[in-house]
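Numbers restart at 1 for each chain; the letters A, B, ... are given by sequence-line order, proteins then strands.
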Amino acid sequence: MNNHYDFTSIEQKWQQRWTEEREFVAQEDSSADKYYVLEMLPYPSGALHIGHVRNYSLGDSIARFRRMQGLNVMHPIGWDAFGLPAENAAIQRDIPPEQWTVDNIMTMKAQCQRMGWTYDWTREISTCSPEYYRWNQWMFVQMYKRGLAYLQRGPVNWCEQCQTVLANEQVSDGCCWRDGSQVVEKELEQWYFRITEYADQLLEDLDQLEGWPDKVRRMQQNWIGKSVGWTVSFPLQNSNEITVDIFTTRLDTIYGATSLILAPEHPLVETWVASPNKVNEVAEFVEDIRHQRREVRTAEDTEKKGVFTGHYAINPFNGEEIPIWIANFVLMGYGTGAIMAVPAHDQRDFEFSKKYALPIKVVIKPEVDSLPAEPNHAFTEHGILTNSETYSGLLSQVAQKKMGEFGCQKGFANKSTTYRLRDWGVSRQRYWGTPIPMIYCPKCGVVPVPEEQLPVVLPKVESAQLGQSTLANLSEFVNVSCPKCQSPARRETDTMDTFVDSSWYFYRYASPQCDYAPIQGDAVQHWFPVDVYIGGVEHAILHLIYMRFFTKVMRDLGLVQFDEPVKCLFTQGMVLKDGSAMSKSRGNVVSPDEVIQKYGADTLRLFVLFAAPPDRDLDWNDRGLEGCFRFLKRLWRMVYQVQGENTDGSMSRELNGKERALLRKSHQTIRKVSHDLERMHQNTAIAAIMELLNFAHEYLDSGEQCDLGLLKEVLETIALLLSPFAPHFCEEIWEIMGHAESLTFTLWPTYEPELAREEDIDIVIQVNGKIRSRFSASPGISKDEMEILAMEDEKTKVYTEGKSIRNIIVVPDKLVNIVVQQESEDDQSH
RNA sequence: GCCCGGGUGGCGGAAUUGGCAGACGCACAGGACUUAAAAUCCUGUGAGGGAUUCCCUCGUGUGGGUUCGAGUCCCACCCUGGGCACCA
């Protein structure tokens, strides 16, 4: 008998067996309900870190659980293989990025296998393979044809360190999301995806996502930033044709507008500055602001600055003539790039107008008159209109509606909606990405690469050739003939943002080999929606909004037949060590390989799932890891004590009280673990299994004659319940206990309510809500009987002696609360 | 400023619907086994107070409230993490 828990050989044995028997290869099989478990695909950065281990162990616990429940599970994985870090690493090591990436994939794939995750490796994809990125290009072309991909010159976020453009979603606090360096503004011609076209759908369909955390839905809602209002055209004075359009959500305040303010980039400003009789002061100001860094300019505490243009506009409601200014705090990128300033009712306008001595005109009064006016603040609430001609006396909401109708009728106002969301800039000035399949022809202009010529293969290069414009320097890549007119033309040399790759990869898993389309419709139809998608919350906006956008585009292209791809989203917390995220610079990185070597993959899996609720941050703790190891060893030893026993005894004979209690605990545990897995509470599921083992241990140690057959039955239950978390270990003990078939093909245990039911329950006796005593009774005892037993209790008598009983509350099977007159109340009654 | 989480022992964290606060694990203390150590096992472990087996009081960020009964519901506040933010 080998009773040493040799995790290394056990894990190798079962990994080999699982691979040989192809146990996790998913087939489209309609005889069972499908279940698609998806985790965010890893970036092949070098090696798996503990965060990956947590993410994928979580997903695997669900995949194994669902498989054992008899569902037809698909659990795929792939590699988000393109990207800047690989390119930089390759330059550093003087090897081609492809080699670096492929090597990393091999390393990380081996790590995945050592962890015992049940991936269907036949569906593995890598986004840097031409078979994959070909379809990025295909979709790009489709989007171009529909006007959803377009080329535009404009200000972009430029990261000096990465030497590339970043999307708005990739900039936070004015810094690059990858390296944290300052992002600067640059003027470049770039490809964009028209995600704003889908802003409303992206917002509205959030309601469908009931299985998503509210937090993520709110974040997306904020990011889209819809606001509904009106655009109002103010004609320029002395001009019948030219108008200044402004956007407002507070049309009811328009009688209080005392100036119009334009963004320095506003087209009208350009014409004024360009005109021969320009005002120098204005031109200088505009030039000044344009050179200011965007994050400085848009910071809330930046001083408001402006300049009067010398021009006036007419308020279409009252014909009033108001000055037109230019100011730094008005942004071209939002609304119409022009606002009406209502200093009495907008804090920013208030500050601006104070500074430049513009008039402040009150047009809204609080509904409750008594509110004291704050001298340094605008009144920004809704209220009752005043100084607003026929609208005076109306409530804000009512007035808005009437004024809107009037403006629409007269043709100077329109209902309008704006969004904070900007179009997605997808051009990257780097080598290691999907080539954008576009050709510039001097005669025909922009021409997409014909579909039959896709993929545009990324040329292989040595790292020495890498640099800012690698592709641009490869003349054999750049120089092509125009697909339309055959004259010499130039290929686009930017590549796509890698977030394009990850926006639809989960569709590809359904038909990874498909070579005539990005996806095979029936396969997608079979597997979708994704039943559960697990990943870090850091993608709440980036990836998870792009992915939804792509789904809607693919739907409109006729590729899929639904609006949303993911039914349930689960965002797991980060793994911390000593209170902060693990990072090389902090030197607090824990390597999964070292842990596997010391304790085995099962202990590691168990610990990352046990130490914290999956949705919260997990603080790494070596001692906690050891605790999980001890638990497995304890279980191992007990298995050896019962391995040869027969398990068919418990049902065929009368059990004594202790035996019934053990069986009961076991069925209660089945119930709890099943329920906890349904609701993603892996931590409490594992705790419950530990409790059952403790219970079994007590039974064994109780000194009396034990039914080892019954005990074995309980340990078999543990093997089943624990297998989603510690699969190799469980396979091994399952085999030791005499089972030939892999746990993968064994059904999840079901609990018998009859056996799980308590025989005797503790009923609590409270007096005035305080626990004073307790008694034991059978479940289902009548309320009357509970009351009688409670009143007969000795301690009850002590606390109720001489007091009048006002009420008795009986909660079936739980407690009796006797409410007596308080002493202080007695005093009062005298 | 607006919108969301979170605050429970020495630590990580439990507590299905308002019904025994502190499951499970760690740490710590004492004990058993051992020549010894490791490993393993047993006992104890929220705070305070009294008692030889037991009992009492307090206790889930703070202050109020609802309720027979509140970690859980309501109001106000404090701390903390995250998202958005000169967005018209």
How is K304(A) classified with respect to the nucleic acid when contacts are heavy atoms under 4.0 Å: base, sugar-phosphate, or nothing?
-> base

Which one, C41(B), A88(B), C20(B), comes nearest to the side chain of R637(A)?
-> C41(B)

Please determine if a side-chain N or O atom of R218(A) lies less than 4.0 Å away from the OP1 or OP2 oxygen of G82(B).
-> no

Cation-pi between K304(A) and F352(A): NZ/CZ under 6.0 Å from ring centre and within 45° of the ring axis?
-> no

F729(A) ring center near Y5(A) ring center (under 6.0 Å) | yes

Rounded distance in Å between the P positions of G44(B) and G22(B) | 15 Å

Just compare C24(B), A88(B), C84(B) and give me whichever is closest to any side-chain atom of A687(A).
-> C24(B)

Base, sugar-phosphate alone, or nothing: which one does G225(A) contact when heavy atoms must sit under 4.0 Å apart?
-> nothing

Inter-nucleotide P distance (A38(B), G61(B)), Å rounded | 39 Å

Checking all strands, does D214(A) fall into the base, sugar-phosphate, or nothing category for heavy-atom contacts under 4.0 angstrom?
-> nothing

Any chance you could list the contact pattern along nucleotides 10-19 of chain B? Use B for base contacts, S for sugar-phosphate-only contacts and - for none, protein heavy atoms under 4.0 Å, 5' to 3'.
-> --SSSSB--B

Secondary structure of RNA chain B in dot-bracket form (Watson-Crick or G-U wobble, distances below 3.5 Å, | marking inter-strand pairs) | (((((((..(((......[....))).(((((.......))))).(((((...)))))..(((((..]....))))))))))))....

Aromatic ring proximity F317(A)/F412(A), centre distance under 6.0 Å | yes

Side-chain N or O of R630(A) closer than 4.0 Å to phosphate OP1/OP2 of A27(B) = yes

Nearest-nucleotide wise, let me know which of E691(A) and H697(A) is further upstream toward the 5' end of RNA chain B.
-> E691(A)

Pairwise C1' distance for C86(B) and G81(B), with rounding to whole Å | 25 Å

With heavy atoms under 4.0 Å as the rule, sort K795(A) into base, sugar-phosphate or nothing.
-> sugar-phosphate

Quick one: is A88(B) close enough that its OP1 or OP2 comes under 4.0 Å of any side-chain N or O from K226(A)?
-> no

For E538(A), report the nucleic acid contact type (base, sugar-phosphate, nothing); a contact means any heavy atom under 4.0 Å.
-> nothing

Could you work out the separation of G7(B) and U72(B) based on their C1' atoms and round it to a whole Å?
-> 14 Å

Same-atom distance (P) from A14(B) to C24(B), integer angstrom | 14 Å

Name the nucleic acid region contacted by V330(A), choosing base, sugar-phosphate or nothing; use a 4.0 angstrom heavy-atom cut-off, strictly under.
-> base

Spacing of the P atoms in G12(B) and A27(B) (rounded, Å) = 15 Å

Does Y5(A) make a side-chain N or O approach to OP1 or OP2 of U40(B) shorter than 4.0 Å?
-> no

Give R623(A) one of three labels, base, sugar-phosphate or nothing, depending on what nucleic acid heavy atoms sit under 4.0 Å from its own.
-> sugar-phosphate

Looking across every strand, which nucleic acid part, if any, lies under 4.0 Å from F775(A) by heavy atom: base, sugar-phosphate, or nothing?
-> nothing

Expressed in angstrom and rounded to an integer, what is the separation of K633(A) atom NZ from C41(B) atom C1'?
-> 13 Å

To the nearest angstrom, how far is W223(A) atom CH2 from C87(B) atom C1'?
-> 12 Å

Indicate, with a heavy-atom threshold strictly under 4.0 Å, whether T418(A) touches base, sugar-phosphate, or nothing.
-> nothing

